[in-house]
Amino acid sequence: LLKSEEDASYKPVKKACTQLVDNLVEHILKYEESLSDSDNKGVNSGRLVACITTLFLFSKIRPQLMVKHAMTMQPYLTTKCSTQNDFMVICNVAKILELVVPLMEHPSETFLATIEEDLMKLIIKYGMTVVQHCVSCLGAVVNKVTQNYKFVWACFNRYYGALSKLKSQHQEDPNSTILTANKPALLRSLFTVGALCRHFDFDQEDFKGNSKVNIKDKVLELLMYFTKHSDEEVQTKAIIGLGFAFIQHPSLMFEQEVKTLYNSILSDKSCSVNLKIQVLKNLQTYLQEEDTRMQQADRDWKKVAKQEDLKEMGDISSGMSSSIMQLYLKQVLEAFFHTQSSVRHFALNVIALTLNQGLIHPVQCVPYLIAMGTDPEPSMRNKADQQLVEIDKKYAGFIHMKAVAGMKMSYQVQQAINTCPKDPVRGFRHDESSSALCSHLYSMIRGNRQHRRAFLISLLNLFDDTAKTEVNMLLYIADNLACFPYQTQEEPLFIMHHIDITLSVSGSNLLQSFKESMVKDKKKERKPSSDEETESDSNSGSESESEEEASKPRRLRKRVDSDSDSDEENDIN
C-alpha cells in the first residue's frame, strides 16, 4: 500500500500509518501513567505487548514512522523481566530500535550510550531469545552509528576468554567437578560468542588493532572443540554458535572438519534428533539471511541502476550459497527419510529455500519432493506439493521424468514413518477419503495423455517377474493404482486392459511354476527326513487342496471362496 503511492502527491496511506503509530505510542504513555497512579507498577498487560508488537510491524515496513518515537521506546529496555510478556516487550523494543536508530539524524550521545549499556546488561543477564535480539540491535547501533568497537570487543573477550579457560580445564580433566558447576557459564559463552560473531566481524582492525591473530579461525577451533563434548546440551549450543559464525563468514562451511561434522550428524542414523534439527536450522537461518541480503542488494541496486554498469554488479554471494548447498544437499534430502516429523520439517524448509533462491538444479529434488508429498502431516504435504507445482510451471516434463523414482522413494518415506514394522505399508490414506498417497502426483501428470500412459505402464511394469520388485512395494503401488483420482473412464480401463494382457502372458507361467513346485514337494514327500516331515506334509496338503480347488466347478468354488476369504486375508498379511 505504501509503495503504490510513493510517486503520488496525495498519500493517504502514509498519513493513516503516521496517525496509527503516533496514537499507539500515545496509548502506551497513557497506559504507563495509569500504572504509576495505581500500586501495581511493573505489570505488563497483554495490551502493552500488543501495542509494541504492532509498532514493530510498522517499523519493519517503514522505520521512518518511528524515528521521532525512538527516545520514548528506549526506557523499555530496562523493564524488569518476570513474565513472558516482559520478555516480549524487551525483544520487540530491541527489534524496533535496531531498525530505527540508524535512521535518526544526530541522536544525542547520552541516548546512544544508554542504549548500548542497557543492551549489554540484557546480553549478560537473560536467556537465548533476549541475547539474540539484543546483540542484533547492538550490531546495528555500533556498526552503523556509534562505531564504539572497544565496547563490543571487551564483551567478546569476556566470553571468548571464559571459553578458552573452560576448554583447557576440560582438556586437563574431562570429568572435573568444576566443569559441571560451570556448565551454565559454558552454554552462555558458546551461544554469546556465536551471536557476537554473527553481527560483528572481529577480524577488522577496528576490533583487534594490529594483532595478527585470525579471530574467526580461533572461534571456529573453540566451537568445534565443544561439538565433540560428551554432553548433548553443550554440543547443541556449540553447533548453534557455529551456525551464527557461518552467517558472518560462510566460507568456513567449506572447512573439512565442518563438512565432516555436518554430514556425519545428518547421515548418522544413531545421532541425536536435536543435533540433526540444529544443523538443519543453521542451514535454514543461513539461507534466510542470504535471501534478506540479496533483497537488500536488489533494492540498493535499483536506486543506482541507471548510473551503474551491469558488469560490475557482484553476484559472488549467491555463488557462495550455491556451492555450500551443493555440499550438503544430499544429506539434507536424505533427512526426509527420518522417523521424526520435526527432522523432515526442517529438511523440507531448507530444500524449499534452496529451490526458491535457484541455488541448485531442481531435477535432483523432484523424487524427494514427491516422496514428501505423502507425509502424514498436511502442512508438509502441501509445502512439498507447492514446490512441485512451481517446478512444473518452470520446467515442463521434469515431474513426469522422475515420477516412478518418486513413487519408489515415497515407499521408503512411508517405511521410515511406519510405526508398526510388522504391518506392510499401504498406499492409501487411512481416513474417510481413502485417497492414494501419491494422488497429487497423478493429478499433475494426468493432464498430458502421453505422460499419463507412460507413467501408468512404468508402474505396471514393476509387477513383471523380471523387475524383481519386493512384494510389499508392489502392494503399496497397487494401493496407489487402485485409489488414484481418475476422472475419465478411459484411465482405469487403460490400466485394466494392460493388466489383462500381463495376466494372459505371465498368468499361465505363474500357474505352471506353482504346479512344478508342487510336483517337487510330492517327490520330497515320498522320502521325507524326520524333521522336515511335518512341514512338507502341511505344505503339500495345502497345495494339493488348492489343486482340487482349481478343478471344482466355478459355482462351488465361489461358495467355498467366500468362506475362506478371511483366512486368505491373514495369509497375505
Item to check | Stepwise ring pair (Phe, Tyr, Trp, His ring centres under 6.0 Å) check, F202 with Y160 | outcome: CA-CA 12 Å; F202 290 111; Y160 178 81; 9.4 Å; no
Just by distance, no angles: are the side chains of [X] and [Y] close enough, under 3.5 Å, to form a donor-acceptor pair?
X	Y	result
Q278	T236	no
N282	Y262	yes
S267	Q331	no
S270	D268	yes

Item to check | Which residues share a ring pair (Phe, Tyr, Trp, His ring centres under 6.0 Å) with H229, sequence neighbours left out | outcome: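 H229 satisfies ring pair (Phe, Tyr, Trp, His ring centres under 6.0 Å) with H170 once adjacent residues are dropped.
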Given 3.5 Å as the limit, does a donor-acceptor pair link the side chain of [X] with the main chain of [Y], or not?
X	Y	answer
Q414	V425	no
T374	A371	yes
S322	L359	yes
N356	A352	yes
R188	K125	yes
D298	M294	no
K237	L190	no
K276	I265	yes

Which value, rounded to the nearest 0.5 Å, describes the distance between [X] atom [atom1] and [Y] atom [atom2]?
X	Y	atom1	atom2	result
K402	L388	NZ	CG	13.0 Å
E26	L24	CD	CG	10.5 Å
T78	D118	OG1	CG	6.0 Å
L252	I247	CG	CD1	12.0 Å
L369	D385	CG	CG	9.0 Å
C137	I96	SG	CD1	10.0 Å

Checklist entry - Any salt bridge between E334 and K330, counting N to O under 4.0 Å? => result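 Salt bridge between E334 and K330, a charged N being under 4.0 Å from a carboxylate O: yes.
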Checklist entry - Would you call F156 and V219 a side-chain contact if the rule is heavy atoms closer than 4.5 Å? => result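 When only atoms from C-beta onward are counted, V219 and F156 do touch, with a gap below 4.5 Å.
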Checklist entry - Using the benzene-type ring in the case of Trp, are the ring centres of F87 and H133 under 6.0 Å apart? => result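 Distance test on ring centres: not under 6.0 Å, no.
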Next on the checklist: Would you say the rings of F191 and F244 are close, in the sense that their centroids are separated by under 6.0 Å?
Outcome noted: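 Yes.
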Next on the checklist: One pair to check against side-chain contact (heavy atoms from CB on, under 4.5 Å): K218 and N214. What are the steps and the verdict?
Outcome noted: CA-CA 6 Å; K218 289 278 183 200; N214 190 328; 5.8 Å; no
Checklist entry - Can you tell which of K383, R344, R381 makes a side-chain hydrogen bond (donor to acceptor under 3.5 Å, both in side chains) with D375? => result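 Single side-chain hydrogen bond (donor to acceptor under 3.5 Å, both in side chains) partner of D375 among K383, R344, R381: R344.
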Next on the checklist: Tell me every residue that passes side chain to side chain contact (heavy atoms under 4.5 Å, CB included) with K165, counting only those two or more places apart in sequence or in another chain.
Outcome noted: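 Listed in chain order: Q169.
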Next on the checklist: One pair to check against side-chain contact (heavy atoms from CB on, under 4.5 Å): V21 and H69. What are the steps and the verdict?
Outcome noted: CA-CA 9 Å; V21 166; H69 302 300; 3.8 Å; yes
Next on the checklist: Counting only heavy atoms from other residues, nucleotides and ligands, does the tally under 6.0 Å from NZ of K408 exceed 12?
Outcome noted: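 Atom NZ in K408 is not crowded, with 12 or fewer foreign heavy atoms closer than 6.0 Å.
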Please tabulate, one pair per line, all N/O donor-acceptor pairs under 3.5 Å involving side-chain atoms of residues 98-107, not counting sequence neighbours.
from: E98; atom 1: OE1; to: S136; atom 2: OG; distance (Å): 3.0
from: E98; atom 1: OE2; to: S136; atom 2: OG; distance (Å): 2.9

Item to check | D203 vs H249, side-chain hydrogen bond (donor to acceptor under 3.5 Å, both in side chains): CA-CA, chis, key distance, verdict | outcome: CA-CA 11 Å; D203 280 312; H249 304 287; 4.6 Å; no
